Amino acid sequence: MSKKNQKLVTPDIFRQAVIGSFTKLNPLYMMKNPVMFVVEIGFFITLLLSIFPGLFGDISNGSNLRVYNIIVCVVLFITVLFANFAESVAEGRGKAQAASLKKTQKDTQARVLLPDGTEKMVMSSELKKGDIVMVSAGEIIPGDGEVIEGIASVDESAITGESAPVVRESGGDFCSVTGGTTVVSDWLKIKITSEPGNSFLDRMIALVEGASRKKTPNEIALSTLLVSLTIIFLIVIVTLYPIGIYSGVQLQTSTLIALCVCLIPTTIGGLLSAIGIAGMDRVTRFNVIAMSGKAVEACGDVDTMILDKTGTITFGNRLASEFIPVAGIDKKELIDYACLASFGDDTPEGKSTVDLAKNLGASVKYEDYQDSELIEFTAASKMSGINTKDGHIIRKGARDAIVQYIQDNNGIVPKDLSAKVDQISKLGGTPLVVCADYKVLGVIYLKDTVKPGLIERFERLRKIGIKTIMCTGDNPLTAATIAAEAGVDGYIAECKPEDKIEAIKKEQAEGKVVAMTGDGTNDAPALAQANVGIAMNSGTSAAKEAANMVDLDSDPTKILEVVEIGKQLLITRGSLTTFSIANDIAKYFAIIPAMFTVAI
C-alpha cells in the first residue's frame, strides 16, 4: 500500500460516487437508514404532487402550487443524493485501497514439502493450513505462514509500501510472513497458517471494501435515537394537518413534507454511515488495518495506553557506550576482558561491546580464542563469557547474576560497584558487570535513547485525558529514569507478560478503556484483553489474530496517531449530532408558530 498522500476525491472515485448516489435510491437499500428513507418517501410524494397538484385536495392558485411542489421535490431529491454521495465517496476510497491490496494477490506455484522429503508443485490457491512449503530467493511467498527453518530477507513493499527488505527467521517474534511478499535472499521453510480465501490479505480486502463492516455500538445507539426523533416529529407533522383545518389555516401537503424533512435529524442521519466508513479509511491511510469500526471507535474512548518501552518509547538499540572500571582496575584491562566476555554473545549488546572495545584499542582478537570455550548469553543465566585455554574464567552480565556468581565462588565484590551501577541506572542506562577469575573489573554502560518528540506527544495526550503507562523489563531505577525522560504518567518495571494483563484488567476494573501494542506470541493474551490492541505486521500470527488492528509498518508509536484519529471521529460525529438535533428543535419552535400566525 502506497503511503503517498491521496486526493480526497479522485476522478474515478467521483465517477463511482455519482453512480452510487443513484443506485442507492433503491428503497430496499434506503430502508437501512430510516431517516433518509423518510426523506425519500417525501420526495416521491412531492414528485406526484408536482404532476398532480390537487392529488390530496390542496387548493391550487394557478401554476404557483405546481412550481412550489417542484421546488420542494428538487430540494428533497438533492438531499437524498447528497447523503448517498457522501457515503459512496467514503466507500470509494475504501475500495481504492482494496484495489491496491488486490494487486498483491497472485496465484503462484508453491513447492510443498511432502513427509518423505520430496517436493510437489501446487497452485497457491490449493494450499491448506498446515502445509510446509519451501521458498527460495526470487520466489513469491504463496500464503500466510510462520518460518520454521531458515533466515532470509523479504520484500514486503507490496503490503507496507516500504522498499527496504526485512529479515524473517524461525523462532522469536519475527517469524510471521504474509502471502504475496517476495523472498529476495536465501531461503525459508514456511508452515502455512491460513485456509484458502481466509488469508490476512483476504480479510483486509473484505474489511477495507466494507463488506465485513458492522455498525458499532455507538452507531446503533445513535441510530435508535435518530429513529425515535424521526417518529416523534412524524407524529407532530401528522397532527398539524387537522389542527390547521380546525384553526382555519390551509397547510399544503408539500409544505408539511418539507417541514418534516426540516425537523427530523437529516444532517446526522445522512452522514452517520459515511463518518464510520471514513474513520476506517483514515486509519487505513496510516497503513493500519482496523478489523472493525468498533476498534476505531474504541480508540476515541481510550483512557489508558499501555506502551512497551523498547521500540515504542525508545529506539530499542541498547548499545555499549562506555567502560567504567572499579577502583584499582586499569580501564585498558577492563576493555580487553569485556571484549573477551562478549565473543560468545550474539545479542546486539554483545556485538556492540566488541565493536566499542575494538574502537578503543582492545588488544584481544577473536582468532586467538577460537579454541576456547565460549559461554553464550541465556535468559536463565543472564551472563555470557569465555573459559580460556590457559584457565581464565571471564564473565559479563547483569549485576545480580554476576554478584551471585562471584559470591558462590568465594570471590570479592568491590564496595564501589553498587554506586557505579546505580549511577548508570539513574541515567537511564543498563549496566553490565564484567568479572575475571571471580574478581569484578568494572561496568559496561549500555545506553538506550528515547525517541524525539515523545514528551510533547504525551503531554498532548495528557491534556485530552489519556493516561500513559510504560512497560519494561528493566529494573525499577532504569524504568523510573526512562519514564521521567519520556514524560509518561506511570511505569511497570521488570514487567512480564502476565503483568501487562493484570495492568489492563486493573484499569478496566476502574471503568477505563485501554489500548496497547504488541508483536509477540506472549503479547497475544494482553492484546486480546485490551479494548484496542494493535499488533505489528512483523509479529507472530497469534498476536495478529488476538489484536483488532494490525500496523503494516510495524511501528509501535503508530498507536498515538490511531488514538487521535478515534478522538477526531467521535468529536466529528458528536458535533454533527449536537448541531443536527439543536437545529431541529430550534426550527420546531420557530417555524410551527409562524405557520399559525394567520389564525391569530
Side-chain angles (χ1 to χ4, degrees), residues 14-89 91 226-227 229-274 580 583-584 587-588 590-599:
F14 181 82
R15 183 171 58 255
Q16 293 298 324
V18 171
I19 296 172
S21 300
F22 287 92
T23 57
K24 291 177 186 294
L25 290 173
N26 184 338
L28 293 177
Y29 181 86
M30 294 297 295
M31 287 177 67
K32 297 177 182 178
N33 188 339
V35 177
M36 298 314 298
F37 183 56
V38 170
V39 178
E40 186 178 41
I41 292 174
F43 159 70
F44 285 122
I45 295 174
T46 53
L47 180 62
L48 286 174
L49 290 173
S50 300
I51 302 172
F52 309 105
L55 183 64
F56 297 111
D58 295 333
I59 300 174
S60 175
N61 296 319
S63 61
N64 291 339
L65 182 58
R66 186 186 301 275
V67 173
Y68 176 70
N69 290 343
I70 291 173
I71 292 173
V72 174
C73 177
V74 170
V75 171
L76 297 185
F77 183 63
I78 293 174
T79 301
V80 176
L81 276 186
F82 178 79
N84 289 345
F85 180 79
E87 185 174 348
S88 297
V89 167
E91 289 177 348
L226 298 182
V227 170
L229 289 173
T230 300
I231 293 173
I232 291 171
F233 285 124
L234 277 175
I235 294 172
V236 170
I237 296 302
V238 169
T239 57
L240 279 180
Y241 191 77
I243 292 174
I245 294 175
Y246 176 79
S247 304
V249 178
Q250 176 65 39
L251 297 176
Q252 305 294 349
T253 304
S254 54
T255 300
L256 291 174
I257 292 173
L259 178 61
C260 176
V261 172
C262 286
L263 293 180
I264 65 176
T266 50
T267 307
I268 185 63
L271 297 177
L272 182 61
S273 180
S580 182
N583 189 39
D584 294 336
K587 285 184 288 189
Y588 175 83
I591 297 175
I592 293 181
M595 295 173 65
F596 290 92
T597 53
V598 178

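Bear in mind the structure is a predicted one, so any value in this text is a computation, not a measurement.
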Minimal heavy-atom distance between L25 and N84, with the atoms involved, is CD2-ND2, 3.7 Å

Value for CZ (F77) from OG1 (T79), rounded to nearest 0.5 Å, stands at 10.5 Å

In this structure, CG of L226 is separated from CD1 of I231 (nearest 0.5 Å) by 11.0 Å

message: Run L229 and I264 through side-chain contact (heavy atoms from CB on, under 4.5 Å) and show every step you take.
response: CA-CA 7 Å; L229 289 173; I264 65 176; over 6 Å; no

When rounded to the nearest 0.5 Å, the distance separating OG1 of T253 from CG of L49 is 5.5 Å

Tightest non-hydrogen contact, residues M30 and V80, listed as CE-CG1, 3.8 Å

Do the side chains of C260 and F233 get nearer than 4.5 Å, heavy atoms only? no

Rounding to 0.5 Å, atoms OG1 (T230) and CE (M36) come to a distance of 10.0 Å

| message | Let's go through T23 and Y29 carefully: what are the C-alpha distance in whole Å and the side-chain angles of both, what is the deciding distance for side-chain hydrogen bond (donor to acceptor under 3.5 Å, both in side chains) to 0.1 Å, and is it a yes or a no? | response | CA-CA 9 Å; T23 57; Y29 181 86; over 6 Å; no

For V35 and P265, the nearest pair of non-hydrogen atoms, with its separation, is CG1-O, 3.6 Å

Between T266 and V261 the two heavy atoms that sit nearest each other are CG2-O, 3.5 Å

Within a 6.0 Å radius of atom CZ on F82, are there more than 12 heavy atoms belonging to other residues, nucleotides or ligands?
no

Correct closest heavy-atom pair for L259 and L240 would be CD2-CD1, 3.6 Å

CD1 of I45 to CD1 of I257, rounded to nearest 0.5 Å, is 4.5 Å

Do the rings of F85 and F14 sit parallel, tilted or perpendicular, given the 30° and 60° boundaries? perpendicular

What one should report as the nearest heavy-atom pair of T239 and V236 is OG1-O, 2.8 Å

Interatomic distance, OG@S50 vs CD1@I70, rounded to 0.5 Å, equals 5.0 Å

